[in-house]
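Reading through the structure tokens given below for one structure.
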Amino acid sequence: MNDALRSLLDLLALERIEQDIFRGESRASVVPRVFGGQVAAQALVAAGRTVPEDRPPHSLHAYFLRPGDPGAPIVYTVDRIRDGRSFTTRRVVAVQHGQPIFHLSASFQTHEEGLEHQEPMPPAPDPLTLPSPAEILPRHAGRYLTPAVADRLLEARAAIDLRYVDEPPYATVGEAREPRSQVWFRTNGDLDKTLADGAGCGDTVTRPLLDICLVTYVSDMTLLDSILLAHGRGGWAVGDVVGASLDHAMWFHRPLRADDWLLYDQESPTAQSGRGLGKGRIFTADGRLAVSVIQEGVIRVPRGRGESGA
């Protein structure tokens, strides 16, 4: 069993401390704050545990309000905004040290038949032909702020097998490229087997909700990469930009499994005023458009690093 995957599933096993109040643990990430994907995934778990099991989420809209403290638990309070015949709406506020750090609104829907079309899946190579994180991260260790960055990234992402189709931003510092990026990803282990072995959230979260929450977790990892590529920036590991997620929106179109390969196709249409916009589409390996994602983030160049790259 992948211990990192089990640890991630345990992170999603929120403790219920009142009917609509949950507490989640946290952990350090590669930056000195709680990883935004963790808070978003935990908040969606909290919302989903107040909704009938036959209503999976179809959208979420969230704001990152304050940096989270990785050394303290996070309390999630769920408001039951609406329970309709087809749709259910929930609002979640995440609190640490008496202050809100994150706000999420999520909508859930019963399954129904209707009109259907989708954009075609873009071309991408077989993920198994691409280098794994353990192969590519040490290769560029000389570019990082410290030699320990590669180890920290590997540890933070050990639960996810994430493979770049083209070189990641930290590999081409100083070289402006088209603001597009693709990654393949899946959990680093079989979810059913890990849950059967006693991983924490197996008895509180349905498998369809868990898959969506895990994809929500991963969706915050690389979405702003395309902004960095447009300006030849290497990112936080290199230290030539500083930034953070501001808001995050997702629409869940079709069922998926987080332990099957998923293609995350990403682009940035604009950056300005110290902010950049990332847009993403997540496809299943057989070409179904499963998720659409939009995120805006703060992207600032540290003084002395200029506009031409590191």
Side-chain angles (χ1 to χ4, degrees), residues 1 3-29 33-84 87-110 159 187 191-220 248 250 252 258:
M1 183 201 308
D3 290 339
L5 178 57
R6 183 183 182 117
S7 176
L8 175 55
L9 296 179
D10 288 345
L11 204 64
L12 300 181
L14 305 183
E15 176 191 2
R16 190 172 221 140
I17 57 178
E18 244 307 337
Q19 181 180 4
D20 294 333
I21 303 176
F22 302 84
R23 179 164 49 214
E25 297 302 315
S26 192
R27 65 182 180 188
S29 64
R33 58 178 180 266
V34 177
F35 171 52
Q38 175 203 307
V39 185
Q42 287 181 327
L44 190 56
V45 167
R49 286 179 59 180
T50 71
V51 175
E53 292 185 357
D54 64 347
R55 296 192 179 197
H58 73 85
S59 70
L60 68 81
H61 302 265
Y63 284 91
F64 298 92
L65 306 176
R66 292 179 176 87
D69 176 2
I74 305 173
V75 174
Y76 297 90
T77 301
V78 182
D79 288 336
R80 301 183 183 231
I81 302 301
R82 179 176 183 265
D83 290 287
F87 291 89
T88 294
T89 306
R90 295 291 185 262
R91 180 173 59 207
V92 184
V93 178
V95 176
Q96 271 189 324
H97 306 304
Q99 292 187 312
I101 65 168
F102 178 81
H103 175 278
L104 174 139
S105 294
S107 185
F108 302 73
Q109 182 193 13
T110 56
T187 58
L191 279 176
D192 287 336
K193 185 177 297 185
T194 308
L195 291 169
D197 286 338
C201 62
D203 57 349
T204 57
V205 178
T206 66
R207 177 61 197 267
L209 177 60
L210 177 60
D211 285 306
I212 288 174
C213 291
L214 287 167
V215 168
T216 299
Y217 176 86
V218 178
S219 69
D220 190 40
H248 198 79
M250 302 181 72
F252 307 102

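Computed from a predicted structure; not experimentally measured.
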Query raised in the report: At their closest point, which heavy atom of A40 faces which heavy atom of L104, and how far apart are they?
Result: O-CD1, 4.2 Å
Query raised in the report: If you draw a 6.0 Å radius around CD in E53, do more than 12 non-hydrogen atoms from other residues or ligands fall strictly inside?
Result: no
Report task. Compare every heavy atom of D54 with every heavy atom of P56, then report the nearest pair and how far apart it is. Result -> CD-O, 3.4 Å
Query - Min side-chain heavy-atom separation C201-L210 under 4.5 Å - result: yes
Query raised in the report: Out of E18, Q42, E15, which residue meets the side-chain hydrogen bond (donor to acceptor under 3.5 Å, both in side chains) rule with R23?
Result: E15
Query raised in the report: Do the side chain of S7 and the main chain of D3 share a donor and acceptor less than 3.5 angstrom apart?
Result: no
Query raised in the report: Should R66 and V95 be marked as a side chain to side chain contact (heavy atoms under 4.5 Å, CB included) after you check the CA-CA gap, both sets of side-chain angles, and the distance that decides it?
Result: CA-CA 10 Å; R66 292 179 176 87; V95 176; over 6 Å; no
**Report entry** Derivation of the side chain to side chain contact (heavy atoms under 4.5 Å, CB included) call for L9 and T194
**Finding:** CA-CA 9 Å; L9 296 179; T194 308; 3.7 Å; yes
Query raised in the report: Roughly how far apart are D220 CG and F64 CZ, rounded to 0.5 Å?
Result: 5.0 Å
Report task. Would you mind reporting whether T50 and T88 have side-chain heavy atoms less than 4.5 Å apart? Result -> no
Requested in this report: Answer whether the closest heavy-atom distance between the side chains of Y217 and T187 falls below 4.5 Å.
Outcome: no
Report summary line: Heavy atoms of S26 and Q38 approach each other most closely as OG-NE2, 3.2 Å
Query raised in the report: About how many Å separate CG of L44 and CZ of F252, when rounded to the nearest 0.5 Å?
Result: 6.0 Å
**Report entry** Check: V78 and R49 side chains under 4.5 Å, non-hydrogen atoms
**Finding:** no
Report task. Starting at CD of Q99, measure out to CG of L65 and round the result to the nearest 0.5 Å. Result -> 10.0 Å
**Report entry** D79 (side chain) donor-acceptor with I81 (main chain) under 3.5 angstrom
**Finding:** no
Requested in this report: Mind listing the closest non-hydrogen atom pair of A43 and V92 along with its distance?
Outcome: O-CG2, 3.7 Å
Query raised in the report: Taking all atoms of both residues into account, what is the closest heavy-atom pair of S105 and R91, and its distance?
Result: OG-CG, 4.3 Å
Report task. Taking D211 for its side chain and A258 for its backbone only, find out whether a donor-acceptor pair lies under 3.5 Å. Result -> yes
Query raised in the report: Is a side-chain N or O of R80 found less than 3.5 angstrom from the main chain of D20, in a donor-acceptor match?
Result: no
Query - A159 versus L8, closest heavy-atom pair with distance - result: CB-CD2, 3.8 Å
Query raised in the report: Does the side chain of P57 come within less than 4.5 Å of L209's, by heavy atoms?
Result: yes
Query raised in the report: Does the side chain of E25 come within less than 4.5 Å of D10's, by heavy atoms?
Result: no
Report task. Step by step, work out the salt bridge (charged side-chain N to carboxylate O under 4.0 Å, His left out) result for R6 and D197. Result -> CA-CA 9 Å; R6 183 183 182 117; D197 286 338; over 6 Å; no
Query raised in the report: side chain to side chain contact (heavy atoms under 4.5 Å, CB included) between I101 and V34: does it pass, once the steps are laid out?
Result: CA-CA 10 Å; I101 65 168; V34 177; 5.7 Å; no
Report task. For the pair Y76 and F102, evaluate ring pair (Phe, Tyr, Trp, His ring centres under 6.0 Å) and give the outcome as yes or no after the intermediate values. Result -> CA-CA 9 Å; Y76 297 90; F102 178 81; 7.6 Å; no
**Report entry** Working for side chain to side chain contact (heavy atoms under 4.5 Å, CB included), residues V75 and I21
**Finding:** CA-CA 7 Å; V75 174; I21 303 176; 3.7 Å; yes
**Report entry** Heavy-atom side-chain proximity of T204 to V45 below 4.5 angstrom
**Finding:** no
Query - Contact check, side chains of H58 and F87, non-hydrogen atoms, under 4.5 Å - result: yes
